[in-house]
Amino acid sequence: MDKKQRTYLVTGGAGFIGSNYIHYMFDKYDDEIFIINVDKLTYAGNLANLKDIESRDNYRFVRADIGDREAITAILKEYDVDRVVHFAAESHVDRSIKDPEIFVRTNVLGTATLLNCVKEAWQQEDGSFAEGKKFLHVSTDEVYGTLDEPKEGEEPTYFYETTPYDPHSPYSASKASSDFTVKAYIDTYGFPANITNCSNNYGAYQFPEKLIPLVIHNALSGKELPVYGDGKNVRDWLYVMDHAKGIDMVQEQGKLGETYNIGGHNERQNIQIIKTILATLQELLPDDDPRKANVSEDLITYVTDRLGHDRRYAIAPDKIKKDIGWEPDTCFEDGIRLTVKWYLEHEDWVENVTSGDYQKYYEEMYAGR
Ligand code: NAD
Ligand code: TYD
């Protein structure tokens, strides 16, 4: 290889979006890049997501906590890291309502430690940062709070990069805090970073505590499909590979210091999502598959609403489209088919992640709802 491989430090690469991103990057850049994946392997981290990547010479996995200063510093001493892409986080709103502290530890303190280690590794004697060093902080649209449903005859409202932060859940509050810490590094030290705020993702390898994989998994086993509140809360869904593409494009073409919203204008009520999944399962399952008989709208069960449940999220992706030319490739109809098909073909993966602690989690989270 003549050209120096560009070296990436990816945090949380064994999780849902991180592992899809690593697949996306190796598909796109092959041996032009070297990726070090740093992940603590919480309940949400699963090395099986990266089985086909493990044997690559240009990939290394390190099990570490982003809040472990020594471990992170050691990696940054061993490798001349050009890019950091920071996914590692506690990511589930329901868990944050039950146990907020771990969200502060990982998302706020962990991000602060990671940032400081990277700053120390990258900062030159005169305080500046060498050309080509870039940190991308992966965040969420949930930091902006909630939007009203558009009233008859009124234009719908959207989240823009300029929308004031107004987080409601412990999860979104911790992400907002981490975003502000990154912004502070940009403004104080001229730290070379970008922030992306993306809408809800769906696709392969998503842990079945989140709505879409949970509904697929429960429907196949004939279990109730728990709908919070009236089922009319709206989320703006994006296929995970389109998010991966957006992250890469922002890091390559974005202006340092800027924030970019990522979303594909795909707003759906939760109940619509559930009905679409049921219809897709009915269509994809062969008639002689015994699981087909389980799949029915009769499983839909309205349960007690989530505390502080945000009503509607909707991203305005105008800036990333105009400045960088990003647009999603996969429409929801195709993406949901691909996703349902993936779960049908990877029952062993689902079996593996839903055994053990998942059962306990499920019983506790949904008991008495
Ligand atoms: P996930 O829960 O599937 O994965 C998180 C990963 O981080 C796991 O592999 C876990 O082991 C690892 N991790 C957790 N704590 C860690 C720690 N202290 N040190 C090192 N590793 C740790 O999450 P996801 O859905 O893939 O989300 C990834 C990122 O994208 C998060 O920052 C999240 O806020 C953001 N995001 C998610 C969505 C979404 O719809 N899932 C949308 C927008 C933004
Ligand atoms: P989720 O996938 O947890 O993502 P987020 O809360 O980060 O948007 O939930 C998506 C929507 O689905 C949200 O409005 C809550 C709702 N929901 C249910 O109705 N039932 C469920 O069992 C779950 C997990 C979520």
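Whatever order the structure lists them in is the order used to number ligands and atoms, beginning at 1. Counting from 1, the numbers follow the sequence of the chain as shown. Every heavy atom of this structure was used, including side-chain atoms; hydrogens, water molecules and symmetry mates were not.
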Sub-4.0 Å heavy-atom contact, Phe207 with ligand 1 | no
Side-chain ion pair, Arg105 and Asp65, N-O less than 4.0 Å = no
Atom 26 (O) of ligand 1: which protein heavy atom is closest, and how many Å away?
-> Ile17 N, 2.8 Å
Check the angle between the aromatic planes of Tyr165 and Tyr144 and answer parallel, tilted or perpendicular using the 30° and 60° thresholds.
-> perpendicular
Validation row: Ile271, Ile300 side chains within 4.5 angstrom (heavy atoms) | yes
Heavy-atom nearest neighbour of atom 22 (C) of ligand 1 within options Ala88, Gly13, Gly110 = Ala88
Top protein contact for atom 6 (O) of ligand 2, by heavy-atom distance = Arg306 NH1, 2.5 Å
Which ligand 2 atoms, with their elements, are less than 4.0 angstrom from a heavy-atom of Pro226?
-> 18 (C), 19 (O), 20 (N), 21 (C), 22 (O)
Would you say Thr42 has any N or O atom under 3.5 Å from an N or O of ligand 1, going by distance alone?
-> yes
Starting from atom 25 (C) of ligand 2, locate the nearest protein heavy atom and write down its residue, its atom name and how far away it is, to 0.1 Å.
-> Tyr228 CE1, 3.6 Å
May I ask you to list the atoms of ligand 2 that are less than 4.0 angstrom from any heavy atom of Val227?
-> 19 (O)
Using distance alone, with no hydrogens and no angle criterion, decide if Lys210 and Ser91 have a side-chain donor and acceptor under 3.5 Å apart.
-> yes
Applying side chain to side chain donor-acceptor pair (under 3.5 Å) to Asp287 and not counting sequence neighbours gives Lys292
shortest atom 28 (C) of ligand 1-to-protein heavy-atom contact is with Phe87 O, 3.5 Å
Does Asp94, backbone or side chain, put an N or O under 3.5 Å from an N or O of ligand 2?
-> no
Between Lys175 and ligand 1, which part of the residue brings a heavy atom under 4.0 Å of the ligand: side chain, backbone, both or neither?
-> side chain
Any nitrogen or oxygen of Asn201, main chain or side chain, under 3.5 Å from a nitrogen or oxygen of ligand 1?
-> yes
Nearest protein heavy atom to atom 2 (O) of ligand 2, by residue and atom, and its distance?
-> Leu211 N, 2.9 Å
May I ask whether Tyr171 places a heavy atom under 4.0 Å from ligand 2?
-> no
Is Asp39 close to ligand 1, meaning an N/O of one under 3.5 Å from an N/O of the other?
-> yes
Quick one: nearest non-hydrogen protein atom to atom 43 (C) of ligand 1, plus distance?
-> Cys198 O, 3.4 Å
Report yes or no: does a heavy atom of Ala14 sit under 4.0 Å from some atom of ligand 1?
-> yes
Among all protein non-hydrogen atoms, which one is nearest to atom 4 (O) of ligand 1, and what is the separation to 0.1 Å?
-> Gly15 CA, 3.4 Å
Checking heavy atoms under 4.0 Å, the part of Tyr171 that sits near ligand 1 is side chain
Is the shortest distance from a Lys or Arg side-chain nitrogen in Lys321 or Glu327 to a carboxylate oxygen in the other one below 4.0 Å?
-> yes
Polar side-chain atom of Glu345 near backbone of Trp342 as donor-acceptor pair, under 3.5 Å = no
Backbone or side chain, does any N or O of Tyr366 fall under 3.5 Å from an N or O of ligand 2?
-> yes
Does Arg56 make a cation-pi contact with Phe26 (under 6.0 Å, within 45 degrees of the axis)?
-> yes
Would you mind listing which atoms of ligand 2 come within a distance below 4.0 Å of any non-hydrogen atom of His92?
-> 3 (O)
Side-chain donor-acceptor pair present, Tyr59, Asn37, cut-off under 3.5 Å | yes
With Arg306 as the cation and Tyr228 as the aromatic partner, state whether NZ or CZ is under 6.0 Å from the six-membered ring centre and within 45° of the axis.
-> no
Any side-chain donor paired with an acceptor under 3.5 Å for Trp326 and Asp242?
-> no
Which ligand 2 atoms, with their elements, are less than 4.0 angstrom from a heavy-atom of His309?
-> 13 (C), 14 (O), 15 (C)
The option among Val93, Asn270, Asn201 carrying the non-hydrogen atom nearest to atom 12 (O) of ligand 2 is Asn270
Would you kindly say whether Tyr361 and His92 are connected by a side-chain donor-acceptor distance under 3.5 Å?
-> yes
Top protein contact for atom 4 (O) of ligand 2, by heavy-atom distance = Asn200 ND2, 3.4 Å
Hey, is ligand 2 close enough to Asn233 that some N/O pair sits below 3.5 Å?
-> no
Measure the distance from atom 25 (O) of ligand 1 to every protein heavy atom, then report the residue, atom name and distance (to 0.1 Å) of the closest one.
-> Phe16 CD2, 3.7 Å
Run the contact test for Ala64 against ligand 1 with a 4.0 Å cut-off on heavy atoms, strictly below, and give the result.
-> yes
Should Asp230 and Lys232 count as an ion pair when the cut-off is N to O under 4.0 Å?
-> no
Kindly check if the number of other-residue, nucleotide or ligand heavy atoms within 6.0 Å of CD (Glu101) is above 12?
-> no
Under the side chain to side chain donor-acceptor pair (under 3.5 Å) criterion, do Tyr171 and Glu90 qualify, and how do the steps go?
-> CA-CA 8 Å; Tyr171 163 66; Glu90 288 292 334; over 6 Å; no
Show which atoms of ligand 2 fall inside a sub-4.0 Å distance from at least one heavy-atom site of Glu142.
-> 5 (P), 7 (O), 8 (O)
Is Thr11 near ligand 1, meaning one of its heavy atoms is under 4.0 Å from it?
-> no
Taking NZ, NE, NH1 and NH2 as the nitrogens, is one of them in Arg312 or Asp148 under 4.0 Å from a carboxylate oxygen of the other?
-> no
What is the closest protein heavy atom to atom 21 (N) of ligand 1, and at what distance does it sit?
-> Lys40 N, 3.1 Å
Of Thr106, Asn49, Val38, the residue with the heavy atom nearest atom 15 (N) of ligand 1 is Thr106
With backbone taken as N, CA, C and O and side chain as the heavy atoms from C-beta onward, which portion of Asp141 lies under 4.0 Å from ligand 1: side chain, backbone, both, or neither?
-> neither
Does any N or O atom in Glu209 lie less than 3.5 angstrom from one in ligand 2, N or O only?
-> no
Less than 3.5 Å between some nitrogen or oxygen of Glu90 and one of ligand 1, yes or no?
-> no
Distance-only donor-acceptor check, side chains Tyr313 and Glu267, under 3.5 Å = no
Which heavy atom of the protein is the closest neighbour of atom 8 (O) of ligand 2, given with residue, atom name and distance?
-> Arg235 NE, 2.7 Å
Closest approach of Lys134 and Glu252, non-hydrogen atoms and distance?
-> NZ-O, 3.8 Å
Are Arg60 and Tyr79 linked by a side-chain donor-acceptor pair shorter than 3.5 Å?
-> yes
Does Ser139, backbone or side chain, put an N or O under 3.5 Å from an N or O of ligand 1?
-> no
Among Ser199, Gly18, Ala89, Ser91, the residue with a heavy atom nearest to atom 5 (C) of ligand 1 is Ala89
State, without any angle test, whether Asp179 and Ser139 hold a side-chain donor-acceptor pair at a distance under 3.5 Å.
-> yes
Using 30° and 60° as the class limits, which term best fits the ring planes of Tyr160 and Tyr158: parallel, tilted or perpendicular?
-> perpendicular
